[in-house]
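We count ligands from 1, going down the list as the structure has it; atoms in each ligand are counted the same way. The analysis underlying the following values was restricted to heavy atoms, covering all of them including side chains, and did not include hydrogens, waters or symmetry mates.
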Amino acid sequence: MTTEIVSPSMEGIGRAAEVLQRGELVAFPTETVYGIGGDARSDEAVRKIYEAKGRPSGNPLIVHVKSVEAVREYVGNWPAVAEKLAAKFWPGPLTMIVPRGEKLSKLVSAGRETVAIRCPNHPVAKALLEAFDGPVAAPSANRSGFTSPVTAAHVYAELAGRVPMILDGATARTAGGGKLATDCVVGVESTVLDVSGRVPTILRPGAVTLEMIEAVTGCVKMIETVVSEGESATSPGLHSRHYAPRTVAYRFNRDEWPRARAFAEGHGPAALITWDDDVSLAAPHQTILLPRDEPGYARHLYAALREADGMHVKVILVLAPPVEAGLWVAVADRLRRATVVLLGERSL
Ligand code: TXA
Ligand code: MG
């Protein structure tokens, strides 16, 4: 299969919608990360998604819809709390787990009675959902277990030959021909919130934070996130190794910098990803300095992990977030899965 990268012009979107109608897959940008999408009503299309990603068949997919109105057709029950949260945060980076409806392929739910639904806030994703006029199942467009893509080139690197079409958000234009800032502005995957039970429960932290949800619902809890490989998890995506670069990556706290530097000297060359310009390494090592503010850091993190992976270094070192609040919670969660703790010599 050849993989075509297509500009999301009116014509490009129209072609992409036709590809989905034929039961084939299209990778497309959302405000979080790129997704690999297929018709969520079609077993055949959904099977292709699992196959393209090499995703275990027990890990369910997120269904993308164009509006709150569109969601009712595909769920078994739409709780009042979901309605309230959707009114506040959709379109946007919030996925809600609700009882599933009969019109969706059962494969989307991977054997569960629930389905994950979200309404993305990205002009290309919106245009595609409008043109296709149906529910699109779309997990992140990476090979299972690896870093989510935030550019069309990342998707190509992961899925060339496995998906016929990639819509390139960076080449999107406004109706007047102006350039749209349409890469993945959030940069980490959506918050996954289970609203099928009594207390809304965050299964995966994201840009819609616990504090933001609590302000709407009055109560919310966060599940214990890291689950070791092989153990069953409430959300199968919560296995400990996930979002990972190919090169071995270690994380360390700010006060562990002297030890991390010594480790780089002994085991490098290293690529260091940091938010603090006092934490940096000179040649032969490489340093990637990310913004210190949490939205800026989250937006650039996955591109930085890929860049570090491409530097052909022996190890990647990542300075852990300064605090765990707001969006840093999501960043810390992804880093816990993408990296291992630097324990000094014993960690080898
Ligand atoms: O930002 C995002 O959510 C991106 C973009 C493309 O929308 N998508 C994404 O999908 O990250 P994926 O498949 O990589 O992650 C979906 C997460 C997984 O951790 C999965 O286990 C969980 O949602 N999930 C999906 N359906 C579920 C269900 N019915 N019950 C519990 N967890 C579910
Ligand atoms: Mg994923």
**Q** Start with the C-alpha distance between E211 and T209, add both sets of side-chain angles, then the distance that settles side chain to side chain donor-acceptor pair (under 3.5 Å), and finish with yes or no.
**A** CA-CA 5 Å; E211 295 87 344; T209 63; 3.3 Å; yes
**Q** So is H64 touching ligand 1 or not, going by heavy atoms under 4.0 Å?
**A**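 The answer is yes: ligand 1 sits under 4.0 Å from a heavy atom of H64.
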**Q** Can S109 be said to touch ligand 1, with heavy atoms closer than 4.0 Å?
**A**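 S109 does not count as a contact of ligand 1 under the 4.0 Å cut-off.
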**Q** Quick one about S105 and D43 (side-chain donor to acceptor, distance below 3.5 Å, no hydrogens or angles considered), yes or no?
**A**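 Yes, a side-chain donor-acceptor pair sits under 3.5 Å.
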**Q** Do you know which of T339, I288, I273 makes side chain to side chain contact (heavy atoms under 4.5 Å, CB included) with I316?
**A**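 For I316, the side chain to side chain contact (heavy atoms under 4.5 Å, CB included) test succeeds with only one of T339, I288, I273, which is I273.
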**Q** Regarding S144, does it place an N, O or S atom less than 2.8 Å from the Mg ion (ligand 2)?
**A**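 Under 2.8 Å: S144 has no N, O or S contact with the Mg ion (ligand 2).
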**Q** Please work out which of V192, V188, I97 has its closest non-hydrogen atom nearest to atom 23 (O) of ligand 1.
**A**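 Among V192, V188, I97, the closest heavy atom to atom 23 (O) of ligand 1 comes from V192.
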**Q** Counting heavy atoms only, which part of R118 comes closer than 4.0 Å to ligand 1: side chain, backbone, both or neither?
**A**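 For R118, the contact with ligand 1 is made by the side chain alone.
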**Q** If you look only at pairs with a residue in residues 135-144, which of them pass as a salt bridge (Lys or Arg N to Asp or Glu O under 4.0 Å), with sequence neighbours excluded?
**A**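 Passing the test, one end in residues 135-144: no pairs.
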**Q** My understanding is that we take every heavy atom of each candidate and find the minimum distance to atom 18 (C) of ligand 1. Doing that for E189, R55, R112, which one comes out nearest?
**A**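 Going through E189, R55, R112 one by one, R55 has the nearest heavy atom to atom 18 (C) of ligand 1.
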**Q** Regarding R246 and the six-membered ring of F146, is the cationic atom NZ or CZ under 6.0 Å from the ring centre and inside 45° of its axis?
**A**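 The answer is yes; both the distance and angle limits are met.
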**Q** Near S140, which atoms of ligand 1 are under 4.0 Å from a heavy atom of that residue?
**A**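 Going through ligand 1 atom by atom, the ones under 4.0 Å from S140 are 8 (N), 9 (C), 10 (O), 12 (P), 14 (O).
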**Q** Is the number of heavy atoms from other residues, nucleotides or ligands under 6.0 Å of M10 CE greater than 12?
**A**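 Not more than 12 within 6.0 Å, no.
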**Q** Is it the side chain (CB and beyond), the backbone, both or neither of D194 that lies under 4.0 Å from ligand 1, heavy atoms counted?
**A**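 Looking at D194 and ligand 1, no heavy atom falls under 4.0 Å.
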**Q** For ligand 1, which atoms, with element, lie under 4.0 Å from some heavy atom of A116?
**A**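 Taking each heavy atom of A116 in turn, ligand 1 has 25 (C), 26 (N), 27 (C) under 4.0 Å.
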**Q** Classify the contact between S190 and ligand 1 as side chain, backbone, both or neither, using a heavy-atom distance cut-off of under 4.0 Å.
**A**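 The answer is both.
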**Q** By number and element, which atoms of ligand 1 are closer than 4.0 Å to a non-hydrogen atom of T114?
**A**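 Ligand 1 atoms under the 4.0 Å threshold to T114: 28 (C), 29 (N), 30 (N).
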**Q** Looking only at distances, please establish whether an N/O atom of ligand 1 is found under 3.5 Å from an N/O atom of R204.
**A**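 Yes, since at least one N or O of R204 sits under 3.5 Å from an N or O of ligand 1.
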**Q** Report the part of T32 in contact with ligand 1, treating N, CA, C, O as backbone and CB onward as side chain, heavy atoms under 4.0 Å; options are side chain, backbone, both, neither.
**A**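 Just the side chain.
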**Q** Go through it in stages, so that I can follow the logic: the residues are V195 and L85, the test is side chain to side chain contact (heavy atoms under 4.5 Å, CB included), and I'd like the CA-CA distance, side-chain angles, deciding distance and then a yes or no.
**A** CA-CA 10 Å; V195 290; L85 288 163; 4.1 Å; yes
**Q** Should you measure from each heavy atom of I62, which atoms of ligand 1 turn up under 4.0 Å away?
**A**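 Close to I62: 3 (O), 8 (N), 9 (C), 10 (O), 16 (C).
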**Q** Looking only at the aromatic ring of each residue, does the gap between the centers of F28 and Y34 stay below 6.0 angstrom?
**A**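 Not under 6.0 Å, so no.
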**Q** Answer with yes or no whether the side chains of S190 and R204 bring together a donor and an acceptor at under 3.5 Å.
**A**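 Short answer, yes.
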**Q** Give the numbers and elements of all ligand 1 atoms closer than 4.0 Å to a heavy atom of G35.
**A**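 What qualifies from ligand 1 is 6 (C).
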**Q** Strictly below 4.0 Å, N to O, side chains only: are K88 and E214 in salt-bridge contact?
**A**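 No, this pair does not count.
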